[in-house]
Amino acid sequence: MQLPNIDWNALWRTNHDRRFKPARDPAFWDKRAPEFARHVKTSDYVNQFMAILKPQPEWCILDVGSAAGTLAVPMAPWVKGVTAMDPSARMRELLEMRCQEEGIDNIRIVDGRWEDDWDALNIGVHDVAIASRSLIVDDLKGTIEKLQRHACRRVVLSAMVGDGPHDRRIFEAAGRTFSAGTDYIVLVNLLRQMGIFANVTFICNRQHKAYRDVEDAVNSMRWMLDGMTAAEEDRLREYLTRTLVKENGSWTLPYGRIVRWAVVWWDTEDNPAG
């Protein structure tokens with residue numbers, strides 16, 4: 001079957017320029033680090049990802065965009081070693097604290113970005129390279145090729161499905177128009193165009209978040225509405241005041257959401273890029 005003549009790389013870049021520009025700045029993650037670290041502890045994402053990954057004791061793993069150790073910490077006891085790379089100083093600090101608290105000594109923490117020279121950072125070749133929810137890049141094709149060069153066994157990626165963690169109703173309540181943009185299917189099509197036959201499976205999280213009060217809810221949603229104006233915040237606060245309901249001593253939205261992530265992986269020996 002003839003593939004459509006579409007520049008999937010450009011399509012990915014256009015979407016991410018519009019939708020995730022703030023997340024390219026490490027300062028964005030410095031501010032969000034404590035909240036993000038708390039959230040992942042209450043999500044089943046890690047357990048589902050680990051079940052798909054099936055880490056092996058002889059593996060050395062490169063975790064790009066490791067945050068505060070979302071995957072690096074639970075992987076560490078099961079593998080030979082982990083290189084955890086993240087550009088956010090606060091995320092790296094939280095990861096280092098977790099390693100000290102839990103007695104983990106096989107995680108190497110690296111201050112690094114996708115755009116950096118990984119040879120200069122002495123990243124080296126690992127058995128497996130992971131990019132979990134961290135593909136916020138301009139050049140997706142170049143990023144895939146870079147991961148291929150640093151993984152001798154396998155590359156494992158995860159990307160948003162549909163709206164991902166974004167709640168359209170929150171955007172509308174604040175007075176913004178939500179644009180869904182592209183999702184994991186662009187990644188899969190680009191891989192096929194590159195001659196890589198990837199496996200695809202899905203992580204499914206049912207979200208029904210609880211908040212202490214309206215202000216806690218507003219603060220928990222700021223990441224979605226980066227650069228929120230005072231007028232937008234007022235509209236959001238008014239919506240939450242009307243909408244939140246009391247449940248088991250906490251406040252929650254009267255609806256749950258299903259958030260899906262696509263986990264895309266391939267063995268590098270069987271799928272050389274290019």
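These numbers were taken from a predicted model, which means no experiment stands behind them. Nothing fancy with the numbering, it's 1 onward along the sequence.
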Would you please test Val200 and Phe202 for side chain to side chain contact (heavy atoms under 4.5 Å, CB included) and show each step? CA-CA 7 Å; Val200 183; Phe202 297 91; 3.9 Å; yes
Side chain to side chain contact (heavy atoms under 4.5 Å, CB included) for Leu157 and Leu187? Distances and angles first, verdict last. CA-CA 10 Å; Leu157 314 174; Leu187 168 62; 3.9 Å; yes
Do Glu238 and Asp234 pass the side chain to side chain contact (heavy atoms under 4.5 Å, CB included) test, and can you show the C-alpha distance, the side-chain angles, and the key distance before you say yes or no? CA-CA 6 Å; Glu238 192 273 334; Asp234 286 343; over 6 Å; no
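The line from CD1 of Ile52 to CH2 of Trp265 is 10.0 Å long, rounded to the nearest 0.5 Å. Going from atom CD1 of Ile123 over to atom NZ of Lys146 covers 9.0 Å, rounded to the nearest 0.5 Å. Atom-to-atom distance recorded for Tyr45:OH and Asn205:CG is 9.0 Å, nearest 0.5 angstrom. Of the inter-residue distances, the one linking Lys141 atom NZ with Leu191 atom CG reads 11.0 Å to the nearest 0.5 angstrom. Here CZ of Arg149 is found 12.0 Å from CD1 of Ile144. Values are rounded to the nearest 0.5 Å. Here CG of Leu244 is found 9.5 Å from CG of Asp213. Values are rounded to the nearest 0.5 Å.
Asp111 and Asp116 make their closest contact through O-OD2, 4.4 Å (heavy atoms, listed as atom of the first residue, atom of the second, distance). Glu232 and Arg176 get closest at one heavy-atom pair: OE2-NE, 2.9 Å. Of all the heavy atoms in Tyr211 and Met221, the pair that sits closest is OH-CE, 3.6 Å. Residue Ser132 comes nearest to Ser158 through the heavy atom pair CA-OG, 3.3 Å, listed as atom of the first residue, atom of the second, then distance. Closest approach of Ala72 to Ile107, counting heavy atoms only: O-CD1, 3.5 Å. Residues Arg222 and Met228 come closest through the heavy atom pair NH1-CE, 3.6 Å.
Within a 6.0 Å radius of CZ in Arg212, other residues, nucleotides and ligands contribute 12 heavy atoms or fewer. For Arg242, the CZ atom sits in a packed shell: over 12 heavy atoms of surrounding residues, nucleotides or ligands are nearer than 6.0 Å. In Arg260, the CZ atom is not crowded: 12 or fewer heavy atoms of neighbouring residues, nucleotides or ligands sit closer than 6.0 Å.
The only member of Ile61, Val125, Asp127 that meets side chain to side chain contact (heavy atoms under 4.5 Å, CB included) when paired with Arg153 is Asp127.
Residues Arg192 and Asn189 have side chains that never bring a donor and an acceptor to within less than 3.5 angstrom of each other. Between the side chains of Asn219 and Asp216, no donor-acceptor pair is found at a separation under 3.5 Å.
For the pair Lys80 and Trp59, the cation does not sit on the ring face, since its NZ or CZ is not both under 6.0 Å from the ring centre and inside 45° of the axis. Cation-pi geometry between Arg133 and Trp261 is satisfied (NZ or CZ under 6.0 Å from the ring centre, within 45° of the ring normal).
Using a distance-only test at 3.5 Å, with no hydrogens or angles considered, no donor-acceptor pair links the side chain of Asp86 to the main chain of Met91. Arg206 places no side-chain N or O within 3.5 Å of a backbone atom of Arg257 that could act as its donor or acceptor partner. Panel note: side chain Thr252, backbone Lys209; a donor-acceptor pair is recorded below 3.5 Å. Of the possible polar contacts, one joining the Ser134 side chain to the Val64 backbone as a donor-acceptor pair under 3.5 Å is found. Of the possible donor and acceptor atoms, one in the side chain of Thr268 sits under 3.5 Å from a partner among the backbone N and O of Cys152. The backbone N or O of Cys204 sits less than 3.5 Å from a side-chain atom of Gln48, completing a donor-acceptor pair. Without hydrogens or angle criteria, His150 side chain to Leu147 main chain gives no donor-acceptor distance under 3.5 Å. With hydrogens and angles disregarded, no donor-acceptor distance shorter than 3.5 Å links the side chain of Trp78 to the backbone of Lys54. Here the side chain of Arg98 pairs a donor or acceptor atom with the backbone of Ala68 at under 3.5 angstrom. Remark: the backbone N or O of Asp139 is not paired with any side-chain donor or acceptor of Trp114 at under 3.5 angstrom.
Ionic pairing of Arg237 and Glu233 is present here: one or more N-O contacts between side-chain nitrogen and carboxylate oxygen are shorter than 4.0 angstrom. In this structure, Glu172 does not pair ionically with Arg168, as no charged nitrogen and carboxylate oxygen lie closer than 4.0 Å. Residues Arg90 and Glu93 are paired through a salt bridge, judged by an N-O separation under 4.0 Å between the basic side chain and the carboxylate. With respect to the salt-bridge test (charged N to carboxylate O, under 4.0 angstrom), the residues Asp267 and Arg154 qualify.
Both Tyr255 and Phe171 belong to a single network of hydrophobic side chains, linked directly or stepwise wherever heavy atoms of I, L, V, M, F, W or Y lie under 4.5 Å apart.
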